[in-house]
Structures are given as C-alpha cells and as structure tokens.
Amino acid sequence: MIQQAKCDFCSDLAPAWYYPATDFVAFEIGPVVSKSEGSWAACDCCHDLIERGDRAGLAERSASMFVVANPESAEVIDSLRGELKRIHDLFFSNCYGTAQPLTSEVLR
Ligand SMILES: [Zn+2]
C-alpha cells in the first residue's frame with residue numbers, strides 16, 4: 001500500500017502512477033533489513049522510463065535525484081546507481097500487472 005505521495009524511484013513529490021508489486025527484501029545488512037511493501041509509486045518521468053524499458057536511465061535518474069537531495073553522496077554516485085539498479089531489478093521481478101493511475105483514493 002502506498003502511504004505517501006512520493007515517487008518510489010526518484011522521490012519526486014508528484015507521483016501519478018503506481019505499479020502493483022509483492023513484498024520483497026530490498027537489502028539486508030546484518031540486523032538492518034529494508035523491506036519493500038506493496039505497490040511502488042512512479043512520477044511521470046520514471047513511468048516513461050519504465051514503459052520504455054530504460055532501466056539504466058531509471059537508475060541514473062534515481063541516483064541523480066538522490067544526490068540532489070543528499071549532496072554529500074555525490075562521490076559515491078557510481079555505487080549508488082548500481083545499488084539502485086539492483087533494487088529496481090528486484091522490484092521488476094516482484095511487479096505484477098501494469099501501471100495504474102495514482103488517484104487520491106489509492107493513497108491512504
Ligand atoms: Zn520518479
């Protein structure tokens with residue numbers, strides 16, 4: 001379930017779509033487990049990249065937007081991009097169905 005109006009790929013604050021997905025573990029480092037739960041929201045730009053099958057472009061956009069929000073991470077953008085790509089690949093393995101318009105009724 002989508003709990004906030006934020007693109008799950010690039011953190012854009014105006015997602016317009018969502019992709020239904022089953023839960024999966026995004027990463028597990030020792031006791032730290034990050035789990036993805038349910039659907040992922042996508043803004044128009046990420047939706048375009050996904051529909052075009054441009055996973056490299058999607059990872060690039062996600063990493064760039066992350067660095068804009070967290071400038072101190074600029075020096076690790078290469079590993080960041082790789083890690084985001086890995087998580088996106090996991091997402092696509094767990095995604096079922098097609099993009100749906102994200103309306104206020106979908107948000108809780
Ligand atoms: Zn986005």
Side-chain angles (χ1 to χ4, degrees):
M1 187 64 80
I2 298 160
Q3 294 177 42
Q4 52 187 345
K6 200 169 89 168
C7 175
D8 285 309
F9 297 91
C10 73
S11 299
D12 186 289
L13 295 175
W17 303 89
Y18 73 95
Y19 288 85
T22 50
D23 298 353
F24 65 92
V25 172
F27 63 83
E28 191 167 2
I29 303 168
V32 182
V33 179
S34 174
K35 195 174 172 199
S36 166
E37 295 183 347
S39 304
W40 279 39
C43 64
D44 279 326
C45 188
C46 291
H47 173 254
D48 274 358
L49 291 164
I50 293 164
E51 296 303 310
R52 286 206 302 264
D54 186 357
R55 300 236 190 137
L58 184 66
E60 181 59 42
R61 176 176 167 79
S62 298
S64 302
M65 296 285 274
F66 186 85
V67 168
V68 169
N70 305 275
E72 70 281 2
S73 59
E75 62 192 42
V76 295
I77 190 166
D78 289 340
S79 30
L80 194 58
R81 192 187 301 109
E83 178 62 10
L84 287 165
K85 170 86 167 48
R86 189 188 66 78
I87 293 172
H88 292 170
D89 286 346
L90 283 172
F91 162 75
F92 287 112
S93 310
N94 288 279
C95 176
Y96 61 90
T98 53
Q100 306 291 320
L102 184 58
T103 58
S104 52
E105 296 87 77
V106 179
L107 296 165
R108 63 173 180 190

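Given the structure is predicted, the values throughout are model-derived calculations rather than measurements. Numbering of residues begins at 1 and proceeds along the displayed sequence. First listed ligand is number 1; within each ligand, the first listed atom is number 1.
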J.: With a 3.5 Å distance limit and no angle check, can you tell me whether Asp12 reaches the backbone of Ala14 through a side-chain donor-acceptor pair?
T.: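 Flag set: sc Asp12 to bb Ala14 pair under 3.5 Å.
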J.: Under 3.5 Å, side-chain donor or acceptor atoms of residues 86-95 against the rest of the protein: list the pairs with distances, not counting sequence neighbours.
T.:
unit_1	atom_1	unit_2	atom_2	d
Arg86	NE	Glu83	OE1	3.1
Arg86	NH2	Ala26	O	2.8
Arg86	NH2	Glu83	OE2	2.8
Asp89	OD1	Arg55	NH1	2.9
Asp89	OD1	Lys85	NZ	3.4
Asp89	OD2	Lys85	NZ	3.0
Ser93	OG	Asp89	O	2.9
Asn94	OD1	Thr22	OG1	3.2
Asn94	ND2	Leu90	O	2.7

J.: Would you say Cys10 and Cys45 make side-chain contact, with heavy atoms under 4.5 Å?
T.: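 Heavy-atom side-chain distance check fails, nothing below 4.5 Å.
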J.: Check step by step if side-chain contact (heavy atoms from CB on, under 4.5 Å) holds for Gln100 and Thr98.
T.: CA-CA 6 Å; Gln100 306 291 320; Thr98 53; 3.6 Å; yes
J.: Does any part of the side chain of Val67, heavy atoms only, come nearer than 4.5 Å to the side chain of Ser64, both counted from C-beta?
T.: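 A side-chain contact under 4.5 Å is absent here.
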J.: For the Zn ion (ligand 1), count the protein N, O or S atoms found under 2.8 Å away.
T.: 4
J.: So does Phe9 get a backbone contact from the side chain of Ser62, meaning a donor-acceptor N/O pair under 3.5 Å?
T.: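 Yes: the side chain of Ser62 pairs with the backbone of Phe9.
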